[in-house]
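Reviewing the structure listed below.
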Protein chains: 4
Amino acid sequence: MSPRTSDQWDKIRREKRQVILDTALALFAQRGYHETSISLIAKEAGISKGLIYNYFESKDSLLNEILSLGLDALIKDLEMEGNESLTKEKLVRYIDITFLKLQENPKFYQLFFSLIIQPRVLSIFQDKFFTQIIPLLSLLEKYYKAKGNKNSKAKAYLFMAILDGVGVDFIANRENFPLEEVKKLVIEMFT
Amino acid sequence: MSPRTSDQWDKIRREKRQVILDTALALFAQRGYHETSISLIAKEAGISKGLIYNYFESKDSLLNEILSLGLDALIKDLEMEGNESLTKEKLVRYIDITFLKLQENPKFYQLFFSLIIQPRVLSIFQDKFFTQIIPLLSLLEKYYKAKGNKNSKAKAYLFMAILDGVGVDFIANRENFPLEEVKKLVIEMFT
Amino acid sequence: MSPRTSDQWDKIRREKRQVILDTALALFAQRGYHETSISLIAKEAGISKGLIYNYFESKDSLLNEILSLGLDALIKDLEMEGNESLTKEKLVRYIDITFLKLQENPKFYQLFFSLIIQPRVLSIFQDKFFTQIIPLLSLLEKYYKAKGNKNSKAKAYLFMAILDGVGVDFIANRENFPLEEVKKLVIEMFT
Amino acid sequence: MSPRTSDQWDKIRREKRQVILDTALALFAQRGYHETSISLIAKEAGISKGLIYNYFESKDSLLNEILSLGLDALIKDLEMEGNESLTKEKLVRYIDITFLKLQENPKFYQLFFSLIIQPRVLSIFQDKFFTQIIPLLSLLEKYYKAKGNKNSKAKAYLFMAILDGVGVDFIANRENFPLEEVKKLVIEMFT
DNA sequence: GATGAATGAGTCTTCATTCAT
DNA sequence: TATGAATGAAGACTCATTCAT
């Protein structure tokens, strides 16, 4: 009878928003962005088309939000106390977490990789990506240099490429890819 | 105005077909599959929309053909006398060619990578892909085993992942990626 | 926290209703009817969307109400003791008020003129409009006939047309239109 | 069997384009711009929705084209050898044609007036309007000054306002408006 | 073979309106 | 009374595909 409190509205909004995000992520990853219509997302989420626009400005911004949140979470997990130099221990942990995340949330990575290569990548995506990747590359370079590697820059780039390559190949061929063994090998060869 | 022979007609058909394929590849790579309309392909190729349907059943089959032909060419270049065992020399050559191709035709790889991850495409693609990749993985595994690597299977997969990862990263960040140095490092670490 | 009397409730209702009407009029005039959403009216009025439907049946009926009230006010201002015959003095006053209103509230007139021409609105509107205009035309006709005008009916219609035309042109080109001078001329030529 | 010649295509295009323009004008005038959907235009024109977009970029540009063509035609008919000064004869002719056009094509005028007042007038419209109206006002002013009118500027503006006012009123009340008589009166009072 | 007009299903998006609280 | 989430019908627009010539 009495109108809902602000808190109640907030909760409803947050929850519904999350439902939409989850549904959209699953579908985008599974079928690709273009092959996923707003109608389908609505149907899968059990809501009306219009409601999606109550929570997101456009299909595009829905994607942006998914990527942004996903990247933030990813980054947060992988954070290694920025400025300090890298230790072997930290690097091993970084690799561990990366492989774990990949295994836990392949859908997100599938979406992630499919978009990172698209000719017109979303700007938010590229920004966030580079502001995180560049410092990491720099840390890695120092690390390898300290270990006596001649071409430490190349090794840093190669290391990052490996993480991406493993991601792509694991997604493309999840049944056969020996993720655990490969992880061990990466740790062995790159730390 | 003498009537053309059957052979001449054939030649004309083959050439026009090739024009369409080339134009479509360039546009798909440049703009993405969905952002490229049949109209645009026709305009760029200097022909009418309708004519494309004279040569290809659908937009989809046009893409399939492009991928199929591209993959064939790629495989052909990289072929290393199938059954025989792998030598260090051969592997180095394989790496060389892979990096060279990547550098020569990044647009082409961009299309490939962007599509390889798409679920829909994967299925079309996987057959051909795996019939080529699996034997290669097997060769690599033997090679590494012969070299005394404990986990030769993982190393074979890792090697393939590296090639993909380098492709993805090089495409995503062509200005900064130290392709030549990375290649040297790959040769050093994986042959 | 004493319970409000019925009168107080009534007052609150009337005031809120007026807020909605005022806000809607301002927005309709400023942006046009179709470009103004109920959401926007609610936001500008500082209330919720739903509440508007507590006071008005539909967007359409809200517009109708605005027009109806506006027209009533307009008529009231311009009223010249109905039945009696028209004098030069009264006609001058009528012109004065018309031009004054136009100057004071051009937005309001903009809405009026823009809607008066719309076929859909015309029908809603015509009844009220014509029951007011026809008598006025008749008074004017008598006035001009008494002054010896040959074609008094045409002159009456022309006079009304002038008021509309001045309204339209003044609204369309407010910076340049010499309203005051034109008024003098109208008085000179039509009284 | 053989493909159509360029001329044939041209004819088809021109004719179909005209059908769309005519249908759209009738509907826009009858129901208003916003109340007329592209679907309806297509249905009335006996073609598919999509085809309209083969001929016009958007609903907006369709309207623009209608107005642009209509104004051009209007202007052409009303043209009075620009630079020269105005004579009584020319002015009478101008009034004659204006009233005639109004009678012949009330639909266009209805659309015209309904749009000229809209808050957001189309730019093309305003441009054309002012480049035609300003010079005419200037000619009129000279004409009235030459005739000894004290306030020739106001009279010029008033004259233009009358034409608009007559247009609006005639459209709003076509059955009763004594167009012919009013025309005579305008000629009498303003030439 | 070649053309491009024509189709129509499908897409994203808007917004008046309803309704549970 | 007041709220704003939720609905769903409708709108503009796109584009792969067809077909008469």
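Please read all numbers here as calculations on a predicted model, not as lab measurements. A, B, ... follow the sequence lines: proteins, then strands. Residue 1 opens every chain.
Counting only Watson-Crick and G-U wobble pairs whose two key distances fall under 3.5 Å, DNA chain E forms stems of three or more stacked pairs at E:2-21 with F:2-21.
Rounded to whole angstrom, the span from the CD1 atom of A/Ile41 across to the P atom of F/dA6 amounts to 16 Å. One can place CH2 of A/Trp9 at 5 Å from C1' of F/dG4, the figure rounded to the nearest angstrom. Rounded to whole angstrom, the span from the CD atom of A/Glu15 across to the P atom of F/dA5 amounts to 13 Å. If you measure from atom NE2 of D/His34 to atom C1' of E/dT14, you get 12 Å, rounded to the nearest angstrom. Between D/Lys16 atom NZ and E/dG4 atom C1' there is a gap of 13 Å when expressed in whole angstrom units. As rounded to whole Å, 9 Å separates atom P of F/dG11 from atom CG of D/Leu40. As rounded to whole Å, 17 Å separates atom C1' of E/dA6 from atom CD of D/Gln8. The distance between atom CD1 of D/Ile12 and atom P of E/dT3, rounded to the nearest whole Å, is 16 Å.
Comparing D/Ile47 and B/Ile47, the nucleotide of DNA chain E nearest to each residue sits closer to the 5' end for B/Ile47. Two residues, D/Lys59 and B/Ile38, neighbour DNA chain F, and the one matched to the more 5' nucleotide by heavy-atom proximity is D/Lys59.
Within residues 49-56 of chain B, the residues having any heavy atom closer than 4.0 Å to DNA chain E are, in order of number, B/Lys49, B/Gly50, B/Leu51, B/Asn54, B/Tyr55.
Here A/Arg13 reaches the OP1 or OP2 of F/dA5: one of its side-chain N or O atoms lies under 4.0 Å away.
Contacts of D/Thr36 with the nucleic acid, taken as non-hydrogen atoms under 4.0 Å apart, involve only primed sugar atoms and P, OP1 or OP2. Contacts of A/Ser48 with the nucleic acid, taken as non-hydrogen atoms under 4.0 Å apart, include base atoms.
Using a 4.5 Å heavy-atom cutoff, the side chains of D/Lys16 and D/Asn54 are not in contact. Using a 4.5 Å heavy-atom cutoff, the side chains of B/Val19 and B/Ile47 are not in contact. D/Phe28 is listed as a side-chain neighbour of D/Ile41, based on a closest heavy-atom distance under 4.5 Å. Counting only heavy atoms from C-beta outward, the side chains of A/Gln30 and A/Glu35 never approach each other to under 4.5 Å. Under the 4.5 Å side-chain criterion, counting only non-hydrogen atoms from C-beta, D/Lys11 is not in contact with D/Asp7.
Among the nucleotides F/dG11, E/dT3, F/dA5, the one closest to the side chain of D/Ser37 is F/dG11.
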side-chain contact (heavy atoms from CB on, under 4.5 Å) between B/Asp60 and B/Tyr33, worked out: CA-CA 9 Å; B/Asp60 233 73; B/Tyr33 177 71; 3.2 Å; yes
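Looking only at distances, no side-chain donor or acceptor of A/Ser61 sits under 3.5 Å from a matching main-chain atom of A/Asn64. Counting only distance, with no hydrogens or angles, the side chain of D/Thr5 and the backbone of D/Gln8 share a donor-acceptor pair below 3.5 Å.
In this structure, C/Lys59 NZ and C/Leu63 CG are separated by 8.5 Å, a value rounded to the nearest 0.5 Å.
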